[in-house]
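This report refers to the structure that appears directly beneath it.
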There are 2 protein chains.
Amino acid sequence: MIFSHTYKSMTKTDRPLRRADKLRQALEDDIATGALPIGTRLDEVKLAQRFGVSRTPIREALIELATAGLVEQKPRRGAFVREIGIPRLIEMFEVMADLEATCGRLAARRISLAETQILKASHIACEDALTSGDPDRYYQANQHFHETIYQASHNGFLAEQAIGLHSRLAPYRRLQLRARNRVAVSLHEHAEIVAAIVSGQAEAAADCLRQHVLIQGERFNDFVATLAATSTQQERERSSLKSASAAE
Amino acid sequence: MIFSHTYKSMTKTDRPLRRADKLRQALEDDIATGALPIGTRLDEVKLAQRFGVSRTPIREALIELATAGLVEQKPRRGAFVREIGIPRLIEMFEVMADLEATCGRLAARRISLAETQILKASHIACEDALTSGDPDRYYQANQHFHETIYQASHNGFLAEQAIGLHSRLAPYRRLQLRARNRVAVSLHEHAEIVAAIVSGQAEAAADCLRQHVLIQGERFNDFVATLAATSTQQERERSSLKSASAAE
DNA sequence: TCAATCATTTTTGTATACAAGAATGATTTT
DNA sequence: AAAATCATTCTTGTATACAAAAATGATTGA
């Protein structure tokens, strides 16, 4: 992975001599993986016991997570893994699509020769991952592909934003089926994106990427739509979260 | 002002029973206004004395500011008002331009009749503010104009991102001259933007807004360019920060 | 039996105490 | 006299103690 997945760690010189930072990362991972399901109350003393520290660094980590938007702090009532409603998720996908589009537009204009090679290689890696049949491997390869584009935009701030939002959407993207031929279509879109970028067609690259991401959002939308009005809705979301492969 | 200027306060029910939150806001304001100049070390005990609290809420506020990107925490060495380098500022303006463009594109498609009225009114308010000759008033009116567009995008998450970045760029936008006819040109651009949005021309609105913001960035760029290779560079930035009127 | 009120307990928010790394300054050595 | 090393002081990072608000549960009243 080229970038780490937090805003700060990209901009700061990495010497994490603060326990709170490690704790934040640990909690972040637990939230992303679903180990701490959405809506979970994050009890300070229990977390402190679990990690073998006092409440102080736990609180500091929770504040960081709250500021980053991953948890919600209700005054005097504690911190909860943030419940992101469907409407808000759609909004976030919309912004993600736009960030990706911008990355693509800039990348088409600014990508270096070396980065072009990396981009092509990461595309091929996606194809290989698909034929290997390993969902996790495809997920990784796909992420690398997108991060390559972020980097090729030569706008570090933009890349940070894109990575940050991407990681926030990660748990929800995993819900995202299943739809068996999606991966193949996705790969075809990747090919178009690569072609647009390497040939310097900025707007084409932007449009391809926007559609590529928006379709995910729409698919996600379809997915939750089929779930609506189901009594055990939450249960099904949970189990899907664990078993579903990464289709992007 | 429609929105408050923090990410969190838009999404949370506002009952700020945490001192740390008030402190964060106070420090945020001090940073934005330049009362705490860039690079200043934020001594925890001194801040605690100044605000009449213990170090604990101060620390929590500083962590929030660090996560939001306004201050930089060097481990074991304290927090500093973040020095944002020129290259990074340009990157941030580039992203800002894109966020605004997206707001405009969506607003053109989704704006309600009532919001159309508000948008027109806020445009007129900008004109009035200009003729009044009061820079602060124009600054406010201009901000309201842009926030109206954010809101009209009907994407709350996008609006939050736009507001957040806007406020982070605020202190640097103030540096931004001076160039005497800029305001008049800016108003003309506003008119074009309004026209594009109310007539539903999504791409036109996006392009206008992108240019509108990018030009600020370029102006900013010009400004710092004239400053380059000057021995008392920092000094001049400081004084300009205080005296310069708001031209956007 | 159900609801409302009050006491108890739990948990967050803040203050203080302590530990450890960094900055500062003096002393010593070359 | 200059530089390096060591002791002191200062500041951050963490733990603990305390205050106050909210959750919980029991008791009382209708």
Side-chain angles (χ1 to χ4, degrees), chain A residues 6 8-9 11-28 30-31 36-37 39-83, chain B residues 6 8-9 11-28 30-31 36-37 39-83:
Chain A
T6 62
K8 283 169 63 180
S9 55
T11 57
K12 282 173 56 179
T13 50
D14 270 18
R15 43 172 176 172
L17 282 166
R18 271 207 303 283
R19 296 197 197 197
D21 280 336
K22 289 185 180 177
L23 292 169
R24 178 185 50 72
Q25 181 131 1
L27 291 171
E28 215 170 73
D30 283 354
I31 292 169
L36 290 172
T40 308
R41 203 176 84 84
L42 298 166
D43 190 279
E44 295 180 359
V45 292
K46 284 180 185 169
L47 288 173
Q49 287 171 349
R50 172 183 155 196
F51 288 104
V53 297
S54 79
R55 276 177 56 217
T56 308
I58 294 288
R59 274 186 69 83
E60 300 194 343
L62 290 178
I63 287 166
E64 289 183 43
L65 291 172
T67 307
L70 278 146
V71 311
E72 183 176 1
Q73 283 184 317
K74 300 182 183 176
R76 292 268 176 203
R77 308 197 63 196
F80 300 80
V81 179
R82 184 156 184 186
E83 164 86 68
Chain B
T6 63
K8 283 167 66 181
S9 53
T11 58
K12 282 173 58 179
T13 49
D14 270 17
R15 43 172 177 173
L17 282 165
R18 269 208 305 279
R19 296 197 194 189
D21 280 336
K22 290 185 180 177
L23 292 169
R24 177 184 49 72
Q25 182 133 0
L27 291 171
E28 217 170 70
D30 282 355
I31 291 170
L36 289 172
T40 309
R41 202 175 85 85
L42 299 167
D43 190 279
E44 295 180 1
V45 291
K46 285 180 185 168
L47 288 173
Q49 287 171 348
R50 173 182 155 197
F51 288 104
V53 297
S54 78
R55 277 177 54 217
T56 308
I58 295 287
R59 274 186 68 83
E60 299 194 343
L62 290 178
I63 288 167
E64 289 183 44
L65 291 172
T67 308
L70 279 147
V71 312
E72 183 174 2
Q73 283 184 317
K74 300 181 183 175
R76 292 271 177 201
R77 308 197 62 196
F80 302 79
V81 179
R82 184 158 180 181
E83 163 85 68

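Nothing here was measured: the structure is a model prediction, and the numbers come from that model. Numbered from 1 within each chain, the chains take letters A, B, ... in sequence-line order.
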(message) Expressed as a whole number of angstroms, how long is the span from B:L23:CG to C:dT14:C1'?
(response) 11 Å
(request) Please state how far atom CZ in A:R77 lies from atom P in C:dG13, giving the value in whole angstrom units. (result) 12 Å
(request) Check the distance between D:dT16's C1' and A:R59's CZ and give it to me in whole angstrom. (result) 14 Å
(request) Report yes if at least one side-chain N or O of B:S54 is closer than 4.0 Å to OP1 or OP2 of C:dA15; otherwise report no. (result) yes
(request) Return the residues of residues 41-53 of chain A meeting this criterion: a heavy atom under 4.0 Å from some atom of DNA chain D. Order them by number, or give none. (result) A:V53
(message) Any side-chain N or O of B:R19 below 4.0 angstrom from OP1/OP2 of C:dA15?
(response) yes
(request) Pick out which of A:L36, A:L62, A:I31 makes a side-chain contact (heavy atoms from CB on, under 4.5 Å) with A:L70. (result) A:I31
(message) Nearest whole Å is fine: how far is D:dA22 C1' from A:K74 NZ?
(response) 13 Å
(request) Using atom CZ of A:R18 as one end and atom C1' of D:dT12 as the other, report the distance to the nearest whole Å. (result) 10 Å
(request) Show your working on side chain to side chain contact (heavy atoms under 4.5 Å, CB included) between B:Q73 and B:I63 and close with a plain yes or no. (result) CA-CA 8 Å; B:Q73 283 184 317; B:I63 288 167; 3.9 Å; yes
(message) Of the listed nucleotides (C:dT14, C:dA22, D:dA20), which one gets closest to any side-chain atom of A:R76?
(response) D:dA20
(request) Nearest whole angstrom, please: distance from the C1' of C:dT16 to the CZ of A:R55. (result) 14 Å
Solution key, residues 45-53 of chain B side-chain donor-acceptor pairs under 3.5 Å, sequence neighbours excluded:
residue, atom, partner, partner atom, Å
B:R50, NH1, B:D30, OD2, 3.4
B:R50, NH2, B:D30, OD2, 2.5

(request) Grab the two heavy atoms, one from B:A68 and one from A:T67, that are nearest each other, plus how far apart they are. (result) N-CG2, 4.0 Å
(request) Sequence neighbours left out, what passes side chain to side chain donor-acceptor pair (under 3.5 Å) with A:E60? Give chain and number order. (result) B:R59
(request) Grab the CZ-P distance between B:R24 and C:dG13 for me, whole Å please. (result) 14 Å
(message) Rounded to whole Å, please give me the gap between CD1 in A:I63 and C1' in C:dT12.
(response) 11 Å
(message) Could you walk me through whether B:L65 and B:R82 satisfy the side chain to side chain contact (heavy atoms under 4.5 Å, CB included) test, starting with their C-alpha distance in whole Å, then the side-chain angles of each, then the deciding distance to 0.1 Å, before giving a yes or no?
(response) CA-CA 10 Å; B:L65 291 172; B:R82 184 158 180 181; over 6 Å; no
(request) Locate the shortest heavy-atom distance separating A:A20 from A:A61; write the atom from each residue and the value. (result) O-CB, 3.6 Å
